[in-house]
Amino acid sequence: MNWQRLCAPLALMLGACASQPTPPAPIVDRSAQAVVPPAPRVNTPAAPVAGADPRPATYTVKKGDTLYRVALDHGLAYRDLAAWNNLGDVNGIKVDQTLRLTPPEGAVEIRPLKTDEVQKTDTKSELKQETKNYPKAVKVPYGAQSASAVAALAEGPVVVSKSQSDSAKLPSVTASGGSVAKTASEVRAASAVKTAEKPSNNASSAPINSDEKPGDWAWPTAGKTVKAFSEENRGIDISGKIGQSVIASANGKVVYAGSGLRGYGKMIILKHNQEFLTAYANNSKLFVKEGGEVRKGDKIAEMGNSDSDQVKLHFEMRRFGKPVDPAKYIQAEKK
């Protein structure tokens, strides 16, 4: 009985240990956790296609705009812009007027365009026609030799000495104004025409393809860059001397030659293809006319200071009308 008394408590202890409950698993409230939403889809715009034309189809005229400026800022020839919008005068655009920047479908009626440059040219030509410097009064001793030399001294008709046997072959000079020999000015003019008819050594007779890539560009003149490209300057300024040669940076067509844009002075704009234009400003003399074609390296102007406070060439390069840094396209160093 004693051992039963001793074993009974021991059995109770072992049973209590064996029947001890296992602690329950922890309960986690998952509703309190933040729910991460899926990342939104972002529509990434496609990269622009190389050579794609970013220009708008129309442009609304603002105060201070000119047809020349609108054309330059959109890489267009101002005469094309006038034709596409049925304009007969370069000064005919108005504020809030909508201009189309692309050619219309079908044929375009080409009408005479009234420009400031035509008026200036006509005025100068009229003044030249009114100014006469012949005949000049000269005094020489009386004699046969003086009679032959007086015409040359006065820049008048050239009198050719001839023998009696040649009188049947050559027309005589009479006081009544009969057959008169060619004047010295006419001879010089004929010689100049013959010289002008000769093709330039660096010009090609092959037509320029407006769609071809300009390829390698050339610096338009020699000199130091005194003002670099910026959004304000829109180009580069190259210093030099009055009369220094300015050449075409690449093959192209002359779409503007005049002084109608304020701040640019006497300027030439070349269109090289549908993508690029180059502008050459502040010149002293222009040697090309609108509509003419030039080759890379052709002399087109001489440096000056027209509409500028210093002698320089302001050179701009436009891609689809937007100014770009010429230094990024012209790799060769200026000599």
Side-chain angles (χ1 to χ4, degrees), residues 47-87 90-104 108 113 115 117 208-215 217 220 227-237 248-265 267-282 288 290-291 293-294 300 307 313-330:
V49 181
D53 192 340
R55 290 173 290 191
T58 60
Y59 174 79
T60 302
V61 178
K62 299 178 179 61
K63 185 178 179 180
D65 281 342
T66 65
L67 191 69
Y68 301 126
R69 170 63 69 182
V70 175
L72 177 61
D73 288 346
H74 293 88
L76 303 171
Y78 78 93
R79 291 186 180 274
D80 290 342
L81 190 59
W84 298 344
N85 292 277
N86 297 317
L87 298 177
V90 293
N91 298 317
I93 61 175
K94 300 179 181 179
V95 176
D96 294 332
Q97 179 180 355
T98 300
L99 299 176
R100 65 177 306 142
L101 303 179
T102 57
V108 177
L113 181 62
T115 65
E117 301 305 321
I208 294 175
N209 182 4
S210 60
D211 295 327
E212 68 180 356
K213 293 294 182 182
W217 299 85
K227 195 169 184 180
F229 174 83
S230 65
E231 292 185 3
E232 180 183 359
N233 196 37
R234 298 189 174 191
I236 60 174
D237 294 347
S249 186
N251 300 348
K253 182 177 181 180
V254 183
V255 295
Y256 179 80
S259 54
L261 277 81
R262 182 178 300 177
Y264 285 88
M267 180 174 69
I268 293 171
I269 300 177
L270 301 181
K271 184 173 184 178
H272 303 284
N273 54 21
Q274 298 300 323
E275 189 173 351
F276 285 99
L277 291 179
T278 51
Y280 312 75
N282 305 122
V288 292
E290 292 180 12
E293 293 183 346
V294 297
I300 58 175
D307 212 358
L313 171 70
H314 178 73
F315 176 64
E316 291 187 9
M317 183 178 289
R318 304 275 184 128
R319 183 173 181 266
F320 294 124
K322 182 180 179 181
V324 294
D325 188 357
K328 294 182 178 180
Y329 291 86
I330 308 177

Closest non-hydrogen contact found for Leu270 with Ala250 is CD1-O, 4.4 Å

Margin query: Do Tyr78 and Ile269 have side chains that approach each other closer than 4.5 Å (heavy atoms only, starting at C-beta)?
Written below: no

Paired with Met317, the side-chain contact (heavy atoms from CB on, under 4.5 Å) test is passed by just one of Leu277, Ile330, Ile236, namely Ile330

| Polar side-chain atom of Asp65 near backbone of Lys62 as donor-acceptor pair, under 3.5 Å | yes

query: Given side chains that start at C-beta, do those of Leu261 and Tyr256 come closer than 4.5 Å, heavy atoms only?
result: yes

Correct closest heavy-atom pair for Ala71 and Ala77 would be CB-C, 4.2 Å

- Item | Donor-acceptor pair, side chain of Asn85 and main chain of Leu87, under 3.5 angstrom | no

Between the CG atom in Leu81 and the OH atom in Tyr68, the distance rounded to the nearest 0.5 Å is 12.0 Å

To the nearest 0.5 Å, atom CG of Leu76 lies from atom CD of Gln274 at 8.5 Å

Side-chain polar contacts of residues 92-104 - donor-acceptor pairs under 3.5 angstrom, sequence neighbours left out - could you list them?
| residue | atom | partner | partner atom | Å |
| --- | --- | --- | --- | --- |
| Gln97 | OE1 | Lys94 | N | 2.9 |
| Arg100 | NE | Thr102 | O | 2.8 |

Of all heavy-atom pairs linking Gly235 and Glu316, the shortest is CA-CG, 3.9 Å

Correct closest heavy-atom pair for Pro323 and Arg234 would be CB-O, 3.6 Å

Quick check: does any side chain N or O of Arg55 sit under 3.5 Å from a backbone N or O of His74, one acting as donor and the other as acceptor? yes

Heavy-atom nearest pair, Ala228 first then Asn233, reads O-ND2, 3.4 Å

With heavy-atom distances below 4.5 Å as the criterion, would you say the side chains of Tyr280 and Met267 are in contact? no

Between Tyr329 and Trp217, the two heavy atoms sitting closest are O-CD1, 3.7 Å

Test side chain to side chain donor-acceptor pair (under 3.5 Å), reference His314, set Asp237, Asp307, Asn282, output is Asp237

For Phe229, the ring pair (Phe, Tyr, Trp, His ring centres under 6.0 Å) test, sequence neighbours excluded, returns none

- prompt: Do Asp73 and Tyr59 get their side chains close enough for a donor-acceptor pair, meaning under 3.5 Å?
  reply: no

